[in-house]
Amino acid sequence: MAGEPQADCLFCKIVAKEVPATIVRETETTLAFRDINPQAPTHVLVIPKVHYPNGAALAAAEPAIAGDVLREAGEVAADEKIDESGYRIIFNTGPGAGQTVFHAHAHVLGGRDLQRLV
Ligand code: 5GP
Ligand code: ZN
């Protein structure tokens with residue numbers, strides 16, 4: 001069924017607490033934890049607890065939860081005190097964009113000069 005945990009999904013295992021992670025925020029629908037290979041002083045992943053392969057698929061199926069992910073990304077930025085200096089929210093979508101874990105996730109990056117991308 002759509003949204004159900006996938007046995008071979010690393011982030012579903014983190015949601016189930018079968019794989020440890022440094023969790024910084026948790027809500028009924030979302031989990032936020034530090035990236036294992038940080039690309040900036042703050043690098044937190046915000047994920048929905050339900051499994052969808054990417055952010056767009058999540059938004060199409062569960063728009064309220066997609067909203068929760070975005071709101072939590074903003075809360076992470078405030079907790080980490082990068083909301084005033086600026087931060088970036090990234091949803092890599094598809095292998096050509098560098099996506100390696102096919103469970104929707106927002107990267108929240110900040111704490112250094114991130115340069116203008118687009
Ligand atoms: P993607 O490349 O799919 O957009 O992002 C996946 C992210 O997950 C990468 O930034 C990678 O460093 C992170 N990651 C991969 N395995 C683990 C893990 O076991 N724990 C944590 N906390 N992050 C992970
Ligand atoms: Zn998953």
Side-chain angles (χ1 to χ4, degrees):
M1 218 168 74
E4 290 298 307
Q6 302 295 301
D8 58 350
C9 174
L10 172 64
F11 287 178
C12 284
K13 289 180 183 153
I14 289 178
V15 169
K17 313 265 164 84
E18 291 165 15
V19 168
T22 304
I23 293 169
V24 295
R25 293 184 66 86
E26 182 166 8
T27 69
E28 204 175 305
T29 57
T30 66
L31 198 63
F33 53 92
R34 296 200 188 280
D35 196 290
I36 205 166
N37 181 24
Q39 302 301 306
T42 290
H43 188 173
V44 170
L45 302 173
V46 183
I47 72 171
K49 289 184 173 176
V50 287
H51 177 96
Y52 287 93
N54 58 55
L58 171 69
E62 298 269 13
I65 298 179
D68 293 343
V69 169
L70 270 183
R71 189 199 61 241
E72 282 298 304
E75 294 294 338
V76 165
D79 289 352
E80 299 277 317
K81 300 189 171 37
I82 55 171
D83 49 338
E84 285 182 13
S85 54
Y87 60 96
R88 186 169 289 142
I89 300 173
I90 298 175
F91 288 88
N92 291 327
T93 303
Q99 188 178 2
T100 57
V101 178
F102 293 86
H103 179 128
H105 55 280
H107 295 257
V108 181
L109 294 152
R112 66 166 168 82
D113 183 0
L114 293 168
Q115 312 285 341
R116 188 179 163 88
L117 261 190
V118 285

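Whatever order the structure lists them in is the order used to number ligands and atoms, beginning at 1. Sequence positions, counted from 1, serve as the residue numbers for this chain.
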Apply side-chain hydrogen bond (donor to acceptor under 3.5 Å, both in side chains) to residues D68 and T29 and explain how you reach the verdict. CA-CA 7 Å; D68 293 343; T29 57; 2.8 Å; yes
Say whether [X] and [Y] are linked into one hydrophobic cluster, either directly or through other cluster members, by side-chain heavy-atom distances under 4.5 angstrom.
X	Y	value
V44	L109	no
Y52	L31	no
L70	I65	yes
V76	F11	no

Can the ring centroids of H105 and H107 be said to lie less than 6.0 angstrom from one another? yes
Specify the protein heavy atom at minimum distance from [atom]: its residue, its atom name, and the distance to 0.1 Å.
atom	result
atom 3 (O) of ligand 1	T100 N, 2.7 Å
atom 22 (N) of ligand 1	R34 O, 2.9 Å
atom 19 (O) of ligand 1	L10 CD2, 3.6 Å
atom 14 (N) of ligand 1	I36 CG2, 3.8 Å
atom 12 (O) of ligand 1	D35 OD1, 2.5 Å
atom 1 (P) of ligand 1	H105 NE2, 3.2 Å

Considering residues, nucleotides and ligands other than E18, do more than 12 of their heavy atoms fall under 6.0 Å from its CD? yes
Within a 6.0 Å radius of atom CD on E84, are there more than 12 heavy atoms belonging to other residues, nucleotides or ligands?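 Incorrect, the count does not exceed 12.
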When you compare ligand 1 with [X], is there at least one nitrogen or oxygen pair between them that comes in under 3.5 angstrom?
X	result
H43	no
Q99	no
V101	yes
A21	no

List the steps, then state whether salt bridge (charged side-chain N to carboxylate O under 4.0 Å, His left out) holds for K49 with E26. CA-CA 10 Å; K49 289 184 173 176; E26 182 166 8; 2.8 Å; yes
Run the numbers for me: atoms of ligand 1, each under 4.0 Å from some heavy atom of F33, listed by number.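 Answer for ligand 1: 22 (N).
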Show the atoms of ligand 1 that are less than 4.0 angstrom away from any heavy atom in N37.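 Numbered from 1, ligand 1 contributes 12 (O).
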Walk me through whether E80 and R25 qualify under salt bridge (charged side-chain N to carboxylate O under 4.0 Å, His left out). CA-CA 11 Å; E80 299 277 317; R25 293 184 66 86; over 6 Å; no
Would you name the N/O/S atom of H103 that lies closest to the Zn ion (ligand 2)?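 The H103 atom nearest to the Zn ion (ligand 2), restricting to N, O or S, is ND1.
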Have a look at ligand 1 and work out which part of L45, if any, has a heavy atom under 4.0 Å from it: side chain, backbone, both or neither. side chain
Consider ligand 1: state whether an atom of it lies below 4.0 angstrom from any non-hydrogen atom of F11.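 Per 4.0 Å heavy-atom rule, F11 contacts ligand 1.
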What's the ND1-the Zn ion (ligand 2)-SG angle here (H51, C9), rounded to 10 degrees? 110°
